[in-house]
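Take a look at the structure below.
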Number of protein chains: 2
Amino acid sequence: MSKNLTKREEDYSKWYNELVVKADLAENSGVRGCMVIKPYGYAIWEKMQAELDRMFKETGHSNAYFPLFVPKSMFEAEEKNAEGFAKECAIVTHYRLKNDPDKPGKLMVDPNAKLEEELIVRPTSEAIIWSTYKNWVQSYRDLPLLINQWANVVRWEMRTRLFLRTAEFLWQEGHTAHATKAEAIEESEKMMHVYADFAENFMAIPVIKGLKTETERFAGAEETYCIEALMQDGKALQAGTSHFLGQNFAKAFDVKFANQEGKQEHVWGTSWGVSTRLMGALVMTHSDDNGLVLPPNLAPTQVVIVPIFKTDEEFDSISIVASDLVAQFKRLGISVKFDNRTTQKPGFKFAEWELKGVPVRIAIGPKDLENGTFEIARRDTLTKEVIAKDGAVNYISDLLEQIQRDLFNRALDFRNTHVTEVNSFEEFKDVLENKAGFISAHWDGTPETEEKIKDLTKATIRCIPLDQKDEEGICVFSGNKSAGRVLFAKAY
Amino acid sequence: MSKNLTKREEDYSKWYNELVVKADLAENSGVRGCMVIKPYGYAIWEKMQAELDRMFKETGHSNAYFPLFVPKSMFEAEEKNAEGFAKECAIVTHYRLKNDPDKPGKLMVDPNAKLEEELIVRPTSEAIIWSTYKNWVQSYRDLPLLINQWANVVRWEMRTRLFLRTAEFLWQEGHTAHATKAEAIEESEKMMHVYADFAENFMAIPVIKGLKTETERFAGAEETYCIEALMQDGKALQAGTSHFLGQNFAKAFDVKFANQEGKQEHVWGTSWGVSTRLMGALVMTHSDDNGLVLPPNLAPTQVVIVPIFKTDEEFDSISIVASDLVAQFKRLGISVKFDNRTTQKPGFKFAEWELKGVPVRIAIGPKDLENGTFEIARRDTLTKEVIAKDGAVNYISDLLEQIQRDLFNRALDFRNTHVTEVNSFEEFKDVLENKAGFISAHWDGTPETEEKIKDLTKATIRCIPLDQKDEEGICVFSGNKSAGRVLFAKAY
């Protein structure tokens, strides 16, 4: 196990890329911009999926599955949505390969197998789903439709980074249809809250809930709600979005229902999603120069037991104690691993589990057997303590909860000290340059000002926070009137 | 709820197509050959996934995720595999749309966004996965690799049918790498047994384990193990396959390891998969002219409670009893639904839940409240009985297990009476025409004979059963020597 991990303060971006690969989360594949999610990374994603899926079902949603491909004519039906994704979509044009007559053993696209209509590999599924909803909705009794899909999507990004921006990624996309505007807005807001709950209580990542500006809004939405997180390098990361679609897709796909008075109306829609991008947020919020730091709620292995021994007898005695511990942890639903490899030394194992972010490590040596103790180490604080064998399992069970809370509070402290109010553009640029984080500033509400600030500073409006005091003011850039502060940041 | 389901004996194929749609399992989409899996169908698939996933993990496998796309040069590396799938693959050639200058509001493929190398949408993932394994394997210590992927795949089929044959389908594909031939064969066999266990104990579908002939083998495999099921119309359905890949992919992608003596060797491989096709098998094995019949182990709702009432007071009294029942069922982990809709009559509800295959229905009316009884109905036998309220939940819990067993035994009886030994080609054709099912016949072992029989009768060799007595004989077609009987059938 050679760690040789670049330090965060040396090169944060390099640290991230190296860590994702060295901790066995993911790696680049032989396909441009597409990643391989390795078993350890996928195990974390599975834990995220299981919890999100539970939350979606608890809020009344069912899963379904819709086609990967969207015919071009269907794709272009909602014009703003089509325009938003047209520049980055993979297009299937043929359905057969044949032997290349000029190159023995090689294949070529068969020109006689051209599709009549091109198929777009879904970058998002509103078009295909609303074209289906048309047949599912006739009356107000058919509403609401509360459906979620776990799927892969493709966006042909030119500059990709593991988890954060990949040509193919995994996500869930909720697509709901409602009889009234109010109900659809309520749904969009509800799912934003579900995402925030998940981010804070499972990922231990504090988030700010807000609205996107028109410029940053989802293509085809009337309003985009979002949760925004702050990474350790002071850059923001959009962790989830929930869109109020108005009647845009219902109109594009002619989805109408008869209301209680028998009158035909267009349906109101929402869509909402989070993706494997959350894996990037998880790594960048908690991890350190020694490797991953995983919150206990998402760690595939919560506790690892490493035996310290010189002789076979010692190993056998430790194994008996360790097996008993394993059984006790399992009864509490705590995932535990006894690292009984004889091919590796304890120091190697310590470094490996540190790199992989296992929250609690237990070391057991001959002295511990004599004294009835264990040495335990917290991954998040890198602190060690010796505890009594009796009651150790309950102690560690509590400790895991403590670690989960501590990780959240530490991230929250960092975030809170990185929201800076500024009242001039000089101050804006100074904070952005020297402190980063979120900048709370007055903005005149125009896309023009937003665009100019972006061009000059690379900072974008991350959101108009939902939870803030009323305060009129003067735009830091234009000097025009502002209805309230918004949060700017450089972002992933 | 208008059922109007075609009867099986009238038109089995039409019955199936109608049932899949009417029972809300799936429907055709606006994309050629691709289906929409509706929430009720997806809920069954989720139960299958959960159980299979548990079985894979119990046998030491981990999940991971590999790219959707396979570059053409990678796709063609294993020649037999490439040849086998080349004629039915969707090909991405471009990565951008642009506004069509001739048609305002329409998009066209941007000819300037042609990919340097075409990307094949995975029909199966051996190529992309083995190209990755190359970097994961250096030494015997890195083996075995035991990995599974849940994913969508695309095979451009010309004639499609919901679940049975669709252009896109969902599946799992296991891909393992081993140090020795024996270990890889053991893995292939183990996974065939896992599939058989799942089919029999969860789907209540008896299967025959066997080997495919060379003609029917997976493209790129040395040996294909399979489980074959029999549908009610006497046609066979391949329910799962497990392939011993030899060193074919290791050689194509140069995947070598240093053995314990430090010598470089090629790795041995397996792959194995089951798909949403199993949904088709489930429907066609158990269902009847009234609709779906679901085995309790896979039914999203195992018990439904329908109140029979005229007045609000009756409804309220029944609701109290029903709510108590719901709570009791939930404590036992039995999924239950109280159908308290006031918009539909009991008869409508009975027909609806019958169509959807809920294993047990409880009806509660005012008389039942007086007498301390319930009327229960079994979906599989369409029989009713009145039982005492006291102990009802335990009674029904046992009944669900009984139904699961009965469904399996009924399917097993049917299958067993539809395996016919024949000793001449006349007899072969006669049985195929008049009785269908599996035909156990001697075959001379040549692809030529296999091909001729297929041309003449449409029957193929489903498998060389693993479990059969030694018996030399004479091929029913050629009259040449045969080493043993094989199973022929017309198949889905």
Side-chain angles (χ1 to χ4, degrees), chain A residues 27 29-32 34-39 41-43 45-46 62-76 79 82 86-99 105-109 118-121 128 131-132 135 141 147 151-152 154 156 167-168 170 343, chain B residues 27 29-32 34-39 41-43 45-46 62-76 79 82 86-99 105-109 118-121 128 131-132 135 141 147 151-152 154 156 167-168 170 343:
Chain A
E27 64 183 33
S29 74
V31 190
R32 202 202 134 283
C34 294
M35 66 180 158
V36 171
I37 306 179
K38 300 176 77 173
Y42 201 84
W45 176 241
E46 279 181 306
S62 302
N63 290 328
Y65 189 77
F66 297 85
L68 170 67
F69 299 131
V70 190
K72 187 171 74 66
S73 58
M74 197 187 278
F75 181 81
E76 66 198 1
E79 283 191 36
K87 292 194 188 67
E88 50 180 36
C89 57
I91 306 158
V92 175
T93 57
H94 292 74
Y95 59 85
R96 192 165 64 217
L97 291 167
K98 63 170 199 169
N99 292 318
K106 302 286 177 186
L107 297 168
M108 60 178 280
V109 174
E118 297 87 355
L119 298 174
I120 314 306
V121 182
I128 184 83
S131 80
T132 308
N135 303 317
R141 287 186 208 88
I147 290 181
N152 53 344
V154 172
W156 207 259
E168 182 194 12
L170 303 184
T343 46
Chain B
E27 64 184 34
S29 73
V31 190
R32 203 203 131 282
C34 295
M35 65 180 160
V36 171
I37 306 179
K38 300 176 77 174
Y42 202 84
W45 176 241
E46 280 182 306
S62 302
N63 289 328
Y65 189 76
F66 298 85
L68 171 68
F69 299 131
V70 190
K72 186 171 75 67
S73 58
M74 196 186 277
F75 181 80
E76 66 198 0
E79 283 191 35
K87 291 194 189 66
E88 51 179 35
C89 57
I91 307 158
V92 175
T93 56
H94 292 74
Y95 59 85
R96 193 164 64 218
L97 291 167
K98 63 170 201 171
N99 292 319
K106 302 286 175 184
L107 298 168
M108 59 178 283
V109 174
E118 297 87 355
L119 298 174
I120 314 306
V121 182
I128 184 84
S131 81
T132 307
N135 303 316
R141 286 187 209 88
I147 289 180
N152 54 344
V154 172
W156 207 260
E168 181 193 12
L170 304 184
T343 46

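Chain letters run A, B, ... following the sequence lines, proteins first, then strands; residues in each count from 1.
- A:Ile147 touches chain B through its side chain: at least one heavy atom from C-beta onward sits under 4.5 Å away, while N, CA, C and O do not.
- When each of A:Cys34, A:Gly41, A:Ser73, A:Ala86 is checked for heavy-atom pairs under 4.5 Å with chain B, A:Ala86 comes out on top.
- In this structure, chain A has a heavy atom under 4.5 Å from the backbone of B:Glu88, while its side chain stays farther away.
- Shown here for A:Glu46 and B:Asn63, the closest heavy-atom pair between the two residues is OE2-ND2, 2.7 Å.
- At a threshold of 4.5 Å between non-hydrogen side-chain atoms, the residues B:Leu107 and A:Phe75 count as touching.
- Under the 4.5 Å side-chain criterion, counting only non-hydrogen atoms from C-beta, A:Phe69 is in contact with B:Val121.
- Looking at A:Val31 and B:Val70, their side chains never come closer than 4.5 Å, going by heavy atoms from C-beta outward.
- Applying the side chain to side chain contact (heavy atoms under 4.5 Å, CB included) rule to B:Arg32 yields the partners B:Trp156, B:Met158; only residues at least two apart in sequence or on another chain are considered.
- Heavy atoms of B:Ser131 lying under 4.5 Å from chain A are absent altogether.
- Taking every heavy atom of both residues into account, B:Ala64 and A:Ile37 meet most closely at CB-O, 3.3 Å.
- The most heavy-atom pairs under 4.5 Å with chain B, out of A:Lys87, A:Glu118, A:Lys98, come from A:Lys87.
- Both the backbone and the side chain of A:Lys106 come within less than 4.5 Å of a heavy atom of chain B.
- Comparing A:Pro39, A:Ala151, A:Ser62 by how many heavy-atom pairs each has under 4.5 Å with chain B, the most go to A:Pro39.
- Note: A:Cys89 leads A:Gly30, A:Cys89, A:Ala90 in heavy-atom pairs under 4.5 Å with chain B.
- If you measure heavy-atom distances from A:Lys38 to chain B, the contacts under 4.5 Å come from both the backbone and the side chain.
- In this structure, the side chains of B:Glu27 and A:Thr132 come closer than 4.5 Å at one or more pairs of heavy atoms.
- No side-chain heavy atom of A:Tyr95 sits under 4.5 Å from any side-chain heavy atom of B:Ile91.
- Taking A:Ile128, A:Thr343, A:Val109 one by one and counting their heavy-atom pairs under 4.5 Å with chain B, the maximum is reached by A:Val109.
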